[in-house]
Number of protein chains: 2
Amino acid sequence: MGSNYDQQLIERNVKPTAMRQLVYTVLNEQKTAISLAELEQKFEKVDRVTLYRTLKTFEDKKVIHAIEDGTGSVKYALCQDTCECNPKDLHVHFHCTECGQTYCLNDIQVPGINLPQNFTLESVNMVVKGVCDECNK
Amino acid sequence: MGSNYDQQLIERNVKPTAMRQLVYTVLNEQKTAISLAELEQKFEKVDRVTLYRTLKTFEDKKVIHAIEDGTGSVKYALCQDTCECNPKDLHVHFHCTECGQTYCLNDIQVPGINLPQNFTLESVNMVVKGVCDECNK
DNA sequence: AAAACTATGCAACTGTATTGCAAAGTTATT
DNA sequence: AATAACTTTGCAATACAGTTGCATAGTTTT
Ligand SMILES: [Mn+2]
Ligand SMILES: [Mn+2]
Ligand SMILES: [Zn+2]
Ligand SMILES: [Zn+2]
């Protein structure tokens, strides 16, 4: 009997172990991106390294994407169904300097850039910092 | 008798101590942005914390700007003369995944973004990753 | 010259990320 | 069904960037 999310893991070539199902479920519940340390706190007892490796596996297999928001801890969020993490799939992220939350602005595609001669592009990390709607209330 | 660079420090309200002159000189010699650890290696004997605080002071006073390139160590580069580190002063950065260098693309301004309702903008960190011209030779 | 302020140096500490290795669990082979 | 091969998980230890506290040295003001 497979969990609701097994299919999504299988589609990305990740074996849906118990641990991975749990992690996927937690990630799916988040409105904003989450760090390894924050993920760890969602569980009563879990090994940090197992979570670390689960996140790495998810990232490799494009189940999640990493966001370097400059806080010193990398944040993670589920990829959209259609996402292949190509430059054209990438969206902008927003980091609130007030509450510390990091948002996926899934609707805002990363703008194209004309690089100088002989520079070739692989990916883009674009993080806007400011105050989020919640904190602006 | 003041060093060549004293004026630039004074203009930014930083007292040009011997240490700060040295650090400024090293920063000025760099073609690409530099981390605290790399800066430390440019000196025979220097205290890491002093360099750390020098960089913090320089950053506060807008002598330099910080670049979060996602490598785990923040890079620093001198600001342009006209820079006030406002959103419109910001440029794109490029991190080469081959040689690890982080470039200031001073000519490429960070594109404007239409944030969602009630999100307010303070700054933007945009890092393009790929292979630089040197490594593409 | 003394007092007040600023900058530097050293030691210690925090937190994130990462590796090695052994044990447990799963899948494939006989 | 037993064995072997492979994958995943757990625990211990380590690496390293960033940061703080406090004492000393240096500078500026009174
Ligand atoms: Mn995202
Ligand atoms: Mn720059
Ligand atoms: Zn907020
Ligand atoms: Zn390069």
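Remember, it's a predicted structure, so these values are computed and weren't measured experimentally. Just so it is clear: chains get the letters A, B, ... in the order the sequence lines come, proteins before strands, and each one is counted from 1.
Note: CD (B/Gln21) to P (D/dG26) measures 16 Å, nearest angstrom. Rounded to an integer number of Å, the gap from CE of A/Met19 to C1' of C/dA23 is 17 Å. Distance CG (A/Leu22) to P (D/dT9): 10 Å, rounded to an integer number of Å. We find that CG of A/Leu36 is positioned 15 Å from C1' of C/dT19, with the value rounded to whole Å.
A single hydrophobic cluster is seen to contain both A/Ile34 and A/Ile64, as judged by linkage of ILVMFWY side chains at heavy-atom distances under 4.5 Å, directly or through other members. In the hydrophobic clustering of this structure, A/Tyr76 does not group with A/Val92; members are Ile, Leu, Val, Met, Phe, Trp, Tyr whose side-chain heavy atoms approach within less than 4.5 Å, directly or through other members.
For DNA chain D, the residues of residues 40-65 of chain B within the heavy-atom distance limit of 4.0 Å (strictly under) are B/Arg48, B/Val49, B/Tyr52, B/Arg53, B/Lys56, sorted by number.
Within the 4.0 Å cut-off from OP1 or OP2 of D/dG26, not a single side-chain nitrogen or oxygen of B/Thr17 is found.
The side chain of B/Arg20 lies closest to C/dA7, out of D/dG18, C/dA7, D/dT9.
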Derivation of the ring-ring contact (aromatic ring centres under 6.0 Å, His included) call for B/Phe119 and A/Phe94: CA-CA 9 Å; B/Phe119 281 69; A/Phe94 184 91; 4.8 Å; yes
Working for salt bridge (Lys or Arg N to Asp or Glu O under 4.0 Å), residues B/Lys129 and A/Glu68: CA-CA 12 Å; B/Lys129 300 186 191 191; A/Glu68 293 146 2; 2.8 Å; yes
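Between B/Ser35 and B/Lys15, the residue whose closest nucleotide on DNA chain D is further toward the 5' end is B/Ser35.
A salt bridge links A/Glu84 with A/Arg12: the closest approach of a Lys/Arg side-chain nitrogen to an acidic carboxylate oxygen falls below 4.0 angstrom.
Note on residues 8-52 of chain B: pairs passing ring-ring contact (aromatic ring centres under 6.0 Å, His included), not counting sequence neighbours, are B/Tyr5-B/Tyr24.
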